[in-house]
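Notes for the one structure printed next.
It should be emphasised that the depicted structure is a prediction, and the values quoted were computed from it without experimental measurement. Order of the sequence lines sets the chain letters (A, B, ...), proteins ahead of strands, with each chain counted from 1.
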There are 2 protein chains.
Amino acid sequence: MNAEGPPGPAAAESAALGAEQLRVLRRVGREWGRVMAAPEVWRRALPVDPDLGRFPPVAQLRSAGSGRMVRVSALGPRAARDEDGTEGAPTGAAVRIRRVLLGVPLKSSAVVTERMRKLLALPVLSADALSSVAYGPEAMLAVLVLAGTAGLAYSLPVAGAIVFLMFAVGLSYRQTIRAYPHGGGSYIVASDNLGRTPGLVAAAGLMTDYILTVAVSIASGIAAITSALPSLAPATVPLGVGAILLLLAGNLRGVRQAGTLFAAPTYAFVAAMFALIGFGLADAAGRGFEPRPAALPAVTETVGLLLIMRAFSSGATAMTGIEAISNAVPAFKPVEWRNARTTLTWMVGLLIVMFTGIVVLIHLAQVVPGAQETTLSQLARLSFGTGWGYVFVQAATAAVLLLAANTAYNDFPRVLSLLARDGYAPRVFLRLGDRLAHSNGILLLSLAAALVFVAFDGLTGALIPLYAVGVFLAFTLSQAGMVVHWWRLRDRHWRKSLFFNATGGLLSAVVFITAGISKFTSGAWVAIVAVALFLVVTTRIRRHYEAAREALRLHPHLIELPAHSPEGPSASPERRLPEVAGGRTATAAGNGEDEELPEEIQHLSVVALATLDLAAMRTLAYAASLQQPVLALHISLTEEEARRFRDYWTLWGDHLPLEIVVSPYRAVVAPLVHCIEGLHRQHPGLTLTVILPEIVTSRRSHQFLHSRTASRLRRALRPLPKIVITTVPFHL
Amino acid sequence: MNAEGPPGPAAAESAALGAEQLRVLRRVGREWGRVMAAPEVWRRALPVDPDLGRFPPVAQLRSAGSGRMVRVSALGPRAARDEDGTEGAPTGAAVRIRRVLLGVPLKSSAVVTERMRKLLALPVLSADALSSVAYGPEAMLAVLVLAGTAGLAYSLPVAGAIVFLMFAVGLSYRQTIRAYPHGGGSYIVASDNLGRTPGLVAAAGLMTDYILTVAVSIASGIAAITSALPSLAPATVPLGVGAILLLLAGNLRGVRQAGTLFAAPTYAFVAAMFALIGFGLADAAGRGFEPRPAALPAVTETVGLLLIMRAFSSGATAMTGIEAISNAVPAFKPVEWRNARTTLTWMVGLLIVMFTGIVVLIHLAQVVPGAQETTLSQLARLSFGTGWGYVFVQAATAAVLLLAANTAYNDFPRVLSLLARDGYAPRVFLRLGDRLAHSNGILLLSLAAALVFVAFDGLTGALIPLYAVGVFLAFTLSQAGMVVHWWRLRDRHWRKSLFFNATGGLLSAVVFITAGISKFTSGAWVAIVAVALFLVVTTRIRRHYEAAREALRLHPHLIELPAHSPEGPSASPERRLPEVAGGRTATAAGNGEDEELPEEIQHLSVVALATLDLAAMRTLAYAASLQQPVLALHISLTEEEARRFRDYWTLWGDHLPLEIVVSPYRAVVAPLVHCIEGLHRQHPGLTLTVILPEIVTSRRSHQFLHSRTASRLRRALRPLPKIVITTVPFHL
């Protein structure tokens, strides 16, 4: 599916520059113009043709089977082997296992997006919502039954309220689809219309929603299986964790979601539900629609507002996932919004029919939720015994729930990328086409879902209270955003749309508040704490990015920009430059990394050498060829070795200045760093280029045999300002 | 203690060059002379004074408490904080726990070596050997008792043979100390005199010895504790793993071994043993030296050669660690070898007295080894009841065994560094003064010891069969090496020394063969397989290093070296150079990384930019200031962004050539790599310098918020030849 919000001109890493920044850019460019025109040849002719059109196209789509990922041709066969491997590449069995689980490593992959027909979009996008009827009615009854027959008497009215809610929210999302043809997820709609914080809150609701979709769907799917095979019940937690690992592996591998394979479970589930309802009603008709007598468990609560509220908010989880289509409008074939709306209508229709049918059936059969068996399983057993019909119902239920969990794996990275776009999440999640962004999001989701699943022992009933809060928080904010949207826009049908959205929003708010209050102690507090934590973390991330952006803004240190004149007085910056530049070099503010012109940079290349071999000679030649001052640095462990190295240097011809440091205690990296730091202190204006030879082995598994000095040094020097690190490879 | 083999002129990384290499070096130097004299200013004046004498001394010894590590001053406070932290520095509680376990992070540490007086050296170096009497006699009796009273009758003769062995091996090591005043570990002696493979086999024996010293000593120490507190017995494995973790943490932290703290347990143990023997003999004297009657377990074997052999080789483990002093000669105060010899004599004397005393005591008391209680504990209980005397014996035993395990933590890295020196182990273990070498060795040892300990359930009896094989293999080869040594040397006392070493070697060989045969199935095979694996791995490592050395040898590509004339015909290589060089550039052999002269290198700098911010401008300025052709590269995700970037570039003044690649599927690294590879293919003679801006955050924990493109690109480009990677830091 891979529907995304608009890539947006605001993508953080390549943001458009503001007017002031453009002005600065032009000014800086003028300075460069002066420099580049100078007698020194700053700008040399290119020895290659940068127009790469004549070379194989930059990226080639390679067949990647049924995967969601596409290979982007980047490297030769050798590099390809290396790129995906980890340090010290695994061999033999490990590789084979990895292949089976994660597939042939894709050299460098990107995500394929494609358009769906309605008949494909319906099952793929509805799996989450429709599968919710597997646990929603049961969750409602599990509350009502606490008050015995008196409680169960409310099942039909409460279910009626939920159906009304489905209807209202469905109508509401029809408006969203029209208004946001590029995909109107709760985060986008809420941020667009209500502002940053409501947007973030909606995103927090969504993120907890996706995590819980995975946990609840898998818990419910496992329950469908253990209902049929009670002997598996003790293994609920391992089975669930196994299912999460399966989803993790499949998604890391890059399973494409739009295939017919993914349509089958939903259609099978719908068919199973209709068969179940049909058989059940026929059976009930035979009895004259009289409820069967049933043995109820002991009554522990009395019917009261709180109980009804809890039942209502638990049952409302039957509509989780209803928003999926409005997120995915761009994934439809044109006219996108129209097709999406039609599909939404079908879906809500199916949802209402299935939900109503099951609740009525439960009412007629007087099935009581039990710990051992799901109500769906009980209903199926009543209708089909233990034959193939029963097996089909349970298998279809488990399959559609696994599929529903899988949809969260598509949506979670999408929301993360939107958050990253706005600076609320690490930038690594930004590029949705990038395998890395997906992999990290997938890992994060799996980890969180597994944690929640294990913490609540894989029990659907225990997870439901957490679920409702996040979902309806996102719904509420999304609908509220739509209300503001219509109020601002006031186009042709705005009154009607506003009314629908207001109704949907109000009802969602009622569910949210109901769930938050009535289930606070039984789990909702976890979701509320998670939302709060999410707000804190995202806000801090945003603050960091804002500080970084401020620090990275183009800023001409030389020229004071007059506030008003866009061009400023072109008062011959040429003449002012030299002394200013000179003065700045000494009193460089901050980290002193403020050179913006080639002529401002004063070079010193420092070549760190362990020995005089071919790699060292090549590194020296590289350093000398830069035609900047070069200082060679050698750390000797003993005085004797120092003398010997000096002799070799002389024999070579002493072509470059050499400094030998005899290291006390035989440390290597520390004296090197100390030396380089000393050079920096002596002349802070210098840009020190530390040049290191680096042996690259042909087999990755051999790399550990060679000195890691380069990477250790890189880490040690990283915090020091104005130290450029250059590694010259030598391939064995 | 930290005695080391001679640092040796052969240290792999800074090997002395051979005559042929020196000749090549002089020739290459002559070529450089021609180049550097050319009109271009290849060699520029240094802007700094490379003589750093005026700056704070390169390394400062900072007080590190009682630690073995010394801080080598390298960086400012900020860098110091960062260097020891890992990526995404831990915060809060994690830091505090780490501090407690591993101590304040040392900025960059090296190992302190110091000299010891004999009275300090004795306990420190003898802990391993003397503590062996805690399990040796018991191991012997545990075999003999299988044949009942008939078997136990052999305890005194077998013990006599072991005492003779101790005497002979002690005398033998006295010769080694004289011959190898710089430290004569088995590996050194065997390689020096018998050749590479025997040396490696000895090293293999030593390595397994050290691993088993840790496992056996801890198993025996835990047994001493559980004998006193039987309720702890079920926790043997967790207790042992805990002890290994303790040793790991202590050694990572850098515990100094020479302190009086480390002398105490040995002296306490010796005192405890003498008290035990004294009381026991006094008690027996009261009974007229009549053995007590004892209840023996059921007889399962008959007395036979194999049983006696097993008993002998098991009992011989009482002398493990006897070689420690000969390894550590340089750690003594001058005259080193004389002091070491005296200490060795004391140690062997103590060992023989204690071993004999305990065996006799066991014989008199007719104590039978049992699974619940060690024989030492039984003896102590007989003499002291359960009072303070008993507690002292058990505590001293446990303490000295922990200390014995700790000595392996000093020896293991030492042997690894010797192996690394000769190219048999990864070079990272080479620099013994370096904290890194120690840390890696310590981790390796802990892991191996923990594995063995857990695999054998922490039972001393189960570990003993593995132990004897490795130790006596190393002993045998060491003594055999000494025989060859004396035969070759034939100095004043050679006949006597050769005789002692031959006797010691022969007896060790007998024990090795005995142990290997009689205990093959009960565990010795593990040690034999480990030795074989060790040989395979070290040989392959050596082969890699030899190939690498060959590839890295100085090799003048321009000048064919005549085989005989050392100077060669100085037939004006100057005149031949240009066209040869030109021809080579196109048809570069191999990876083409054969430029050795500055003028041979043709540069192209490629600046990869994501956006036009301050970091980018600084990177561009850096690239331009190198005065080589520069090509800027930008990956755009959309056509629109590409146009925008082009506009900015034009606004800036189009000072450098720019190539924009629109990335399909929004991948970033792959198209960059593809582009760079394309440039390389177009002109393989070019050295491409890929210059990347790199944002460095002031807090390490924020680094993950910034693009990892630089490191991903570095990894992806690494296999490609002639691509130099330069990162220009920008500190936030």
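Among all heavy-atom pairs drawn from S625(B) and H603(A), the shortest one is OG-NE2, 2.6 Å. Considering all non-hydrogen atoms of both residues, K722(A) and R618(B) come closest at CA-NH2, 3.9 Å. Heavy atoms only, all atoms of each residue included: Y622(A) and T687(B) are closest at CE1-CG2, 3.8 Å.
For chain A, the nearby parts of L620(B) are the backbone and the side chain; heavy atoms of each come within less than 4.5 Å. F645(B) does not touch chain A: none of its heavy atoms, backbone or side chain, sits under 4.5 Å away.
The greatest number of non-hydrogen atom pairs below 4.5 Å with chain B, out of T727(A), L672(A), V728(A), is found for T727(A). Listed options D613(B), T726(B), L552(B) were ranked by heavy-atom pairs under 4.5 angstrom with chain A; first place goes to L552(B). Ranked by heavy-atom pairs under 4.5 Å with chain B, the list L22(A), I695(A), T650(A) is led by L22(A). Most heavy-atom pairs under 4.5 Å with chain B, from the set A616(A), A548(A), A615(A): that is A548(A).
Two residues are said to be in side-chain contact when any heavy atoms from C-beta on lie closer than 4.5 Å; R714(B) and R714(A) meet this criterion.
To the nearest 0.5 Å, atoms NE2 (H731(A)) and CG (L720(B)) are separated by 7.0 Å. The structure places CZ of R549(A) at 14.5 Å from CG of L614(B), a figure rounded to the nearest 0.5 Å.
Partners of A623(A) under the side chain to side chain contact (heavy atoms under 4.5 Å, CB included) rule, at least two apart in sequence or in another chain, are V607(A), V630(A), I691(A). Annotation: side chain to side chain donor-acceptor pair (under 3.5 Å) contacts of H706(B) (sequence neighbours excluded): H544(A).
A donor-acceptor pair is defined here as one N or O able to donate and one able to accept, closer than 3.5 Å; no such pair exists between the side chain of H655(A) and the backbone of R30(B).
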